[in-house]
Amino acid sequence: PGDQEAGELGLAAVPGRQAAFRQGLEAAVHYARAVGCPRIHVMAGRVPPGTDRAAVAGEMETTFIENLRYTADLLAQEDMIGLLEPINNRITDPHYYLNTPHQAAAILEKVGRPNLKLQLDLFHCQIMDGNLSRNLEMYFPLIGHIQIAQVPGRHEPDSPGELNFPYIFELLESLGYTGYVGCEYAPKGDTVEGLGWLRSYWESRGLQHGGTSKAAK
C-alpha cells in the first residue's frame, strides 16, 4: 500500500514511485510465499494530491502498465497471480486511480500477461456501474478473485441493501467460478454470528457446514 501515513493507498500507477513499488512488491511476494498464498492484489494508488485526474491520467496509465509488466515477470517466477481491483471513487475513495472493471480490463489488455487478473469486488462494481449480471458474464474470463459486501452499508450479504446474493452466488456457479469469494465487509456485530448468512446459504443448497454435501455423508 505504500506510505499510508502519508496518504498513499498503493503505488503501481503513481509516477515517480517505481522504486518503492518494486520494493513493496518484493516484500509482498516474500510474505505470500511464506503463507502459501498464490494471489497478490497490486494496488494502483491514488491520483497525486493537487493534480487533476484527467491531466495525469495518461502518465499514470503508462506507469501502471510498466509496473504491471514488471510484476507479471516477477510473479511468473513464483507461479503467482497479480490482481487488479477497481475501487469506487463515488463513496469509498474519490482519489483512487482505478475505478471500474472496464478501465481495469483495458489496462489488462494493454499489458497482455496471463498471470494478471481482475479482482472484482461487487460492492465497488455495483456503486460504479450496477448491471452486475452482465458485468460478471462479460468480465468472467478475466476474473481471478471475487469479493462481496452489501450495498450501501458494506455489511453482511443478508443485511438490508441492493444486492441479491443468493442469485449472484448461483450465477457465479453457473458461470463455472471455482475460486474463493472474499468477505470484504464490515460485520455489523460479532464476526462468527454474522456468518449465519453462509450457513443459511449452504442449507438452501443442500450442503452442511463447510460446504460438504449431505448426500456424500
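Numbering starts at 1 and runs along the sequence shown.
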Trainee: Quick check against the 3.5 Å criterion: does R17 have a side-chain atom that pairs as donor or acceptor with the backbone of A12?
Mentor: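 Between the backbone of A12 and the side chain of R17 there is no qualifying donor-acceptor contact (under 3.5 Å).
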
Trainee: Could you check if a side-chain atom of L9 sits within less than 4.5 angstrom of a side-chain atom of Q4, using non-hydrogen atoms only?
Mentor: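 Yes, close enough: below the 4.5 Å cut-off.
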
Trainee: Can you list the steps and then say if L122 with L136 is a side chain to side chain contact (heavy atoms under 4.5 Å, CB included)?
Mentor: CA-CA 9 Å; L122 300 186; L136 280 168; 4.1 Å; yes

Trainee: Where do P141 and M138 come nearest, in terms of heavy atoms and distance?
Mentor: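 Nearest heavy atoms, P141 then M138: CD-O, 3.6 Å.
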
Trainee: On a heavy-atom basis, which atom in Y70 and which in E26 lie closest, and how many Å separate them?
Mentor: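 Minimum heavy-atom contact is OH-OE2, 3.5 Å.
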
Trainee: Got T51 and V47 here, is their nearest side-chain heavy-atom distance under 4.5 Å?
Mentor: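 T51 vs V47: side chains touch.
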
Trainee: So I107 and L98, do their side chains get closer than 4.5 Å, heavy atoms only?
Mentor: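 Counting from C-beta outward, L98 and I107 do come under 4.5 Å.
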
Trainee: Return the minimal non-hydrogen interatomic distance between V42 and G82, and the atom names on each side.
Mentor: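 Shortest heavy-atom separation between V42 and G82 comes out as CG2-CA, 4.1 Å.
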
Trainee: Within the side chain of Y139, is there an N or O that forms a donor-acceptor pair under 3.5 Å with the backbone of L120?
Mentor: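 Absent.
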
Trainee: Look up atom OH in Y201 and atom OG in S204, then write down how far apart they are to the nearest 0.5 Å.
Mentor: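 Y201 atom OH to S204 atom OG measures 6.0 Å (nearest 0.5 Å).
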
Trainee: Measuring only between side-chain heavy atoms, which start at C-beta, is D73 closer than 4.5 Å to R113?
Mentor: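 The answer is yes, as the side chains (C-beta and beyond) meet within the 4.5 Å cut-off.
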
Trainee: When you measure from the side chain of Q18 to the backbone of G16, do you find a donor-acceptor pair of N or O atoms at a distance under 3.5 Å?
Mentor: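 Yes, the answer is positive, given that a donor and an acceptor are paired below the 3.5 Å cut-off.
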
Trainee: Indicate, with yes or no, if M43 and M128 share a hydrophobic cluster defined by side-chain heavy-atom contacts under 4.5 Å among Ile, Leu, Val, Met, Phe, Trp and Tyr.
Mentor: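 Different hydrophobic clusters.
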
Trainee: Can you hop from I146 to I81 via hydrophobic side chains spaced under 4.5 Å?
Mentor: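 Different hydrophobic clusters.
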
Trainee: How about H95: does its NE2 atom have over 12 heavy atoms from other parts shown lying under 6.0 Å from it?
Mentor: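 Not more than 12 within 6.0 Å, no.
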
Trainee: Kindly compute the distance separating CG (N67) from CG (L25), expressed to the nearest 0.5 Å.
Mentor: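 Here the interatomic distance stands at 8.5 Å.
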
Trainee: For P152 versus F123, what's the shortest heavy-atom pair and its separation?
Mentor: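 Shortest heavy-atom contact: O-CE1, 3.9 Å.
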
Trainee: Would you say the side chains of R53 and N99 form a donor-acceptor pair under 3.5 Å?
Mentor: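 N99 and R53 do have a side-chain donor-acceptor pair below 3.5 Å.
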
Trainee: Between E78 and R33, is there a side-chain N and carboxylate O pair less than 4.0 Å apart?
Mentor: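 Between R33 and E78 there is a salt bridge, with a charged N closer than 4.0 Å to a carboxylate O.
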
Trainee: Got more than 12 heavy atoms from elsewhere within 6.0 Å of CG, D79?
Mentor: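 Not more than 12 within 6.0 Å, no.
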
Trainee: Restricting to non-hydrogen atoms, name the atom on T92 and the atom on H124 that form the minimum distance, rounded to 0.1 Å.
Mentor: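 Minimum heavy-atom contact is OG1-CE1, 3.6 Å.
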
Trainee: Under 6.0 Å from the CD atom of E137, do we count more than 12 heavy atoms belonging to anything else shown?
Mentor: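 Yes, the 6.0 Å shell around CD holds more than 12 heavy atoms from other groups.
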
Trainee: When you look at F21 and E66, which way does the side chain to side chain contact (heavy atoms under 4.5 Å, CB included) test go after all the steps?
Mentor: CA-CA 11 Å; F21 167 76; E66 173 192 321; over 6 Å; no

Trainee: Please lay out, stage by stage, how K117 and R39 fare under the test side chain to side chain contact (heavy atoms under 4.5 Å, CB included).
Mentor: CA-CA 9 Å; K117 297 286 186 179; R39 291 171 174 81; over 6 Å; no

Trainee: Quick one: are P86 and Y97 in side-chain contact, heavy atoms under 4.5 Å?
Mentor: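 A side-chain contact under 4.5 Å is absent here.
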
Trainee: Tell me whether Y180 shares a hydrophobic cluster with L142, the cluster being built from Ile, Leu, Val, Met, Phe, Trp, Tyr side chains joined at under 4.5 Å.
Mentor: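 No; tracing contacts between hydrophobic side chains, which count when under 4.5 Å, never links both residues.
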
Trainee: What pair of heavy atoms forms the shortest contact from Q147 to E184, and how long is it?
Mentor: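 Distance-wise, the nearest heavy atoms are NE2-OE1, 3.6 Å.
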
Trainee: Quick one, H145 and E85 - any side-chain contact, counting heavy atoms below 4.5 Å?
Mentor: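 When only atoms from C-beta onward are counted, E85 and H145 do not touch, as no gap falls below 4.5 Å.
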
Trainee: Spell out, yes or no, whether V181 and L83 are grouped together once hydrophobic residues are joined by side-chain heavy atoms under 4.5 Å, including indirect joins.
Mentor: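 No.
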
Trainee: Could you tell me whether the side chains of Y185 and S159 share a donor-acceptor contact shorter than 3.5 Å?
Mentor: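 No.
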
Trainee: Using the rule given for side chain to side chain donor-acceptor pair (under 3.5 Å), can you reason through Q126 versus E162, listing the C-alpha separation, both sets of side-chain angles and the distance that settles it, and then say yes or no?
Mentor: CA-CA 9 Å; Q126 169 71 2; E162 301 173 11; 2.7 Å; yes

Trainee: Hey, could you give me the CG/CG distance between N88 and D93, rounded to the nearest 0.5 Å?
Mentor: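 That separation rounds to 8.5 Å.
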
Trainee: Could you tell me the separation between the CG atom of L163 and the SG atom of C125, rounded to the nearest 0.5 Å?
Mentor: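 Result: 9.5 Å between the selected atoms.
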
Trainee: Given the rule in the side chain to side chain donor-acceptor pair (under 3.5 Å) test, do N135 and D129 qualify, once you have shown the distances and angles that lead to the verdict?
Mentor: CA-CA 9 Å; N135 277 327; D129 192 42; 2.8 Å; yes

Trainee: Determine whether V14 and T63 satisfy the following criterion, side chain to side chain contact (heavy atoms under 4.5 Å, CB included), listing intermediate values before the conclusion.
Mentor: CA-CA 7 Å; V14 181; T63 301; 5.9 Å; no

Trainee: Taking the side chain as every heavy atom from C-beta outward, state whether D121 and I87 have any pair of such atoms under 4.5 Å apart.
Mentor: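 The answer is no; the side chains never approach within 4.5 Å.
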
Trainee: Answer yes or no: is there a side-chain heavy-atom contact under 4.5 Å between F165 and D158?
Mentor: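 When only atoms from C-beta onward are counted, D158 and F165 do not touch, as no gap falls below 4.5 Å.
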
